[in-house]
Amino acid sequence: MLQLSNIHKTFYPNTPDEREALVDINQSLKPGDFVSIIGSNGAGKSTLLNTLAGTIIPDEGDVWVDGKNVTTFPEQKRASMIGRVFQDPMSGTAPRMTIEENMMISLGRTKKRSLFKGINKQVKQDFQSHLARLEIGLENRLNTKVGLLSGGERQALSLLMATFTEPKILLLDEHTAALDPSKEELILKLTRDLVEQHQLTTVMVTHQMEQAIDFGNKLWMMDEGKIIFEAEGEGKSELTVADLLQNFQNLRGKNMASDKALLV
Amino acid sequence: MISSLYGAMESGLIYAIMALGVYISFRLLDFPDLTVDGSFVTGGAVTSIMILNGTDPFIATLAGAIAGFFAGCITGLLHTKGKINPLLAGILMMIALYSVNLRIMGQPNIPLLNETTIFSTILGWWNAWNLESIFMAPFQWLGIATFAPRSFYALMTLLIVIIIVKKLLDFFLRTEAGITLRATGDNQKMVRSFSANTSLYIIIGMGVSNMLVAFSGAMLVQHNGFADINLGVGMIIIGLASVIIGEVLFGKDKIVRMTLAIVLGAIVYRLIYLLALRVDFLEASDMKLITALIVVVALVFPNWLNQSNGKKQFKKSKARRKANEQKGEVDLASTK
Ligand SMILES: Nc1ncnc2c1ncn2[C@@H]1O[C@H](COP(=O)(O)OP(=O)(O)O)[C@@H](O)[C@H]1O
Ligand SMILES: [Mg+2]
C-alpha cells in the first residue's frame with residue numbers, strides 16, 4: 001500500500017545550517033498495517049509524514065502509494081489518497097464554517113467538486129450517522145460554526161473528516177499532543193475505532209511510548225533522520241517502555257529518557 | 001431632498017454589486033484586493049465603448065463584467081503562481097489597468113447621454129407598458145405624490161438586478177465549489193489536505209469578485225450617462241466601508257444574511273454620503289477622507305474592544321487570584 005525507497009531529505013544543504021532530516025528510509029506497509037512512530041524531538045518524524053503527504057518533496061528516493069509513484073505529485077493531488085490529522089486542532093477544520101460545510105469539504109476529497117448544491121437531505125443524514133459515531137453530540141449541531149467547538153471536539157471532527165472517505169493512507173502527527181488528558185483519551189479511542197471500522201493503513205507519530213506500544217502492529221523508532229529500531233507483530237506486542245529505552249541506549253549510546261518530550 | 005434620497009438609493013444599489021465583490025475577496029478569501037479601483041473602470045470602459053459602437057447595451061454590460069472577471073483572475077494568478085503578496089498584486093493590477101482602461105476608452109471621458117443604455121431601453125418598455133402610473137398610484141392615493149421619485153424605472157430595475165445578483169451569489173457560495181472557496185479563505189492548509197486546488201479557487205474567486213465589481217462599474221456609467229477614467233479612485237475603500245457598515249449594522253452568521261447585510265451596507269453608505277454633502281462645512285471631495293475614517297474606525301475599534309476586554313479579564317483574574325491567596329492565608333492561619 002505504501003512503499004518508501006531510499007528517501008533522503010536535507011534542509012539547507014551546503015550551508016552551516018545543513019540538517020539531514022531523513023537519511024535513507026526504506027520501508028513498506030501492507031494494506032491495513034498500522035505503524036506507530038516514536039523518537040526524540042527533531043528526529044525527522046514530521047518530515048517523514050510531510051514527505052508522504054507531499055508538503056515536502058524528498059531530495060532522493062521514491063514514494064509509492066497503492067502502486068503509484070507519487071513522489072512528485074503536488075500535495076493536493078496526492079491528498080485524494082491520503083487523510084491527515086494535524087497536531088494543532090485548529091489546523092484540520094475551517095472555523096468560520098459550519099460542521100456540515102466542513103464535512104462537505106472532506107467529502108470532496110474523493111470526487112470532483114460540482115457547481116450544484118452539495119448539501120442535501122441524503123448527504124446530511126449521511127453526515128449525521130458518521131458524526132453520531134463520535135458520541136459527542138456533534139450530529140445534532142450540523143449548523144454550528146466549527147470555531148465554537150472545543151479543541152477536543154474539533155480534533156474529533158478532524159479525525160472523522162480524515163477517515164470517513166476511506167483514504168488509502170491515514171497520517172496522524174502527534175494528533176493528541178495538544179489536548180488535555182481526558183480529551184486525549186477520547187481521541188485515541190476514536191482513532192482506534194475509526195481505523196478499525198474503515199480498515200485504514202495508518203502512520204501515527206506519538207510522543208508517548210505507551211501509546212506506540214499500545215497502537216498498531218508495527219513500531220518504528222527514529223533518531224537523526226533514520227529508523228533505528230523497528231518491531232512488528234508478536235515482537236512488538238511484547239515490548240515494554242523499559243525495552244524501548246534500553247534499545248535506544250544500546251543503539252545510540254545515549255539516554256532517550258533524558259529527552260523531555262518522551263517522558264511526558 | 002426627496003429626489004436626492006432616491007438618487008442615493010439608486011447609486012447605493014449599484015455600489016452594492018461592487019460591495020458584494022469586495023466581500024468575496026476581502027472577507028471570504030481574506031485577500032484585500034486593490035484591483036477593484038481598476039476593474040470597476042474596466043467594466044465601465046468596455047461597456048461604454050461597446051455601446052458607443054452600437055452594441056446592444058445588455059451584451060455590452062455582460063462584456064464589461066467578463067472583462068472584470070479576467071482582470072481578477074490575473075490578480076489571483078499573480079498571487080498564487082507568481083507568489084506576489086496580495087496587496088502588491090492588487091496594486092500592480094490597479095496601475096496596469098489604468099493604462100488598459102485608457103486604451104479601451106481612447107479618451108479619458110466618454111459621454112453616453114444620447115446612447116442606448118440599459119436604462120434608456122428599460123425606460124422605453126416602462127413607458128410602453130405604462131408602469132409608472134401603477135407605481136405612482138399608491139402615492140397619489142395616499143396624497144403623498146410629492147414624496148414619490150421622479151420616476152420608478154431605475155429604482156425598480158436596480159432592485160431586480162440586485163436581487164438576481166444576490167440570489168445567484170448565495171446559490172454559488174453554497175455549492176460544493178462555493179463552500180470550498182469560502183474554506184480556502186478560512187483555512188487553506190486544511191482545504192489542500194482535502195485534495196482541493198486552493199490556487200484555482202483563489203484565482204476563480206478573484207475573478208468572480210472583480211466580475212461583480214466591473215458589472216457595478218458598467219451599470220454606474222450607464223446610470224451616470226458617462227464613463228470617466230478616474231471613476232474608480234478609492235473604490236476599494238468605498239467597498240470596504242460598505243462591507244463593514246453592513247456587517248456591523250445588519251450582519252448575521254448565515255451567508256444569505258451576510259449578502260443581504262452587504263447590500264444594505266452599501267445603501268447606508270450612500271445615505272451617509274448624502275448627509276455629508278448636506279453639511280455646510282463639508283465638500284463632496286471630503287467624502288474620501290470620511291470613507292477612509294469609517295474604515296479605520298471599523299478596523300481599529302474591534303481590536304480595541306478585544307484588548308480592553310482582555311485587560312479587564314486579566315485584572316479580574318488577578319483580583320480573583322489575590323482573593324484566593326488571601327483566603328488561603330486565612331485558611332492556613334485557622335489550621336494553625
Ligand atoms: N521546513 C523545514 N525547513 C527547515 N528545517 C526543517 C523543516 N522541517 C523540519 N526541519 C528540521 O528537520 C529536523 C527534523 O524535524 P522534524 O521532522 O519536525 O522532527 P520531529 O517531528 O521528529 O520532531 C529538525 O532539525 C528540524 O529543525
Ligand atoms: Mg514533529
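Letters A, B, ... mirror the listed sequences (proteins, then strands); counts begin at 1.
- Taking a 6.0 Å sphere around CZ of F58(B), one finds it holds more than 12 heavy atoms contributed by other residues, nucleotides or ligands.
- Looking only at distances, no side-chain donor or acceptor of S80(A) sits under 3.5 Å from a matching main-chain atom of S195(B).
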(message) As a quick check of understanding, evaluate salt bridge (charged side-chain N to carboxylate O under 4.0 Å, His left out) for R182(B) and E101(A), giving each step before the final call.
(response) CA-CA 10 Å; R182(B) 281 155 57 210; E101(A) 286 169 339; 2.8 Å; yes
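- Of the two parts of L173(B), neither the backbone nor the side chain holds a non-hydrogen atom closer than 4.5 Å to a non-hydrogen atom of chain A.
- Side-chain contact between F116(A) and T175(B) is absent, with no heavy-atom pair separated by less than 4.5 Å.
- Atom NZ of K254(B) has 12 or fewer neighbouring heavy atoms from other residues, nucleotides or ligands inside a 6.0 Å radius.
- For F171(B) against L115(A), the heavy-atom pair with the smallest separation is CE2-O, 3.8 Å.
- Identified by a heavy-atom distance below 4.5 Å to chain B, the contributing residues of residues 155-181 of chain A are M161(A), A162(A), in residue-number order.
- Residue M190(B) holds its CE atom at 9.5 Å from CZ of F86(A), rounded to the nearest 0.5 Å.
- For the residue pair R113(A) and Y201(B), the shortest heavy atom distance occurs at CD-OH, 3.3 Å.
- At a 4.5 Å heavy-atom cutoff, the contact between M97(A) and chain B is made by backbone and side-chain atoms alike.
- Contacts between K77(A) and chain B at a heavy-atom distance below 4.5 Å involve the backbone alone (N, CA, C, O).
- Across all non-hydrogen atoms, the minimal contact from A79(A) to R192(B) is CB-O, 3.6 Å.
- The shortest non-hydrogen separation linking I119(A) to I179(B) is CD1-CD1, 3.8 Å.
- Exactly one residue among D30(B), N187(B), D186(B) makes a side-chain hydrogen bond (donor to acceptor under 3.5 Å, both in side chains) with R96(A). That residue is D186(B).
- When the heavy atoms of residues 127-148 of chain A are compared with those of chain B, the residues falling under 4.5 Å are K145(A), listed by number.
- Heavy-atom contacts from other residues, nucleotides or ligands closer than 6.0 Å to CD of E196(A) number 12 or fewer.
- In this structure, the side chain of Q76(A) does not engage the main chain of N197(B) through any donor-acceptor pair within 3.5 Å.
- Rounded to the nearest 0.5 angstrom, T98(A) OG1 and I255(B) CD1 are separated by 10.5 Å.
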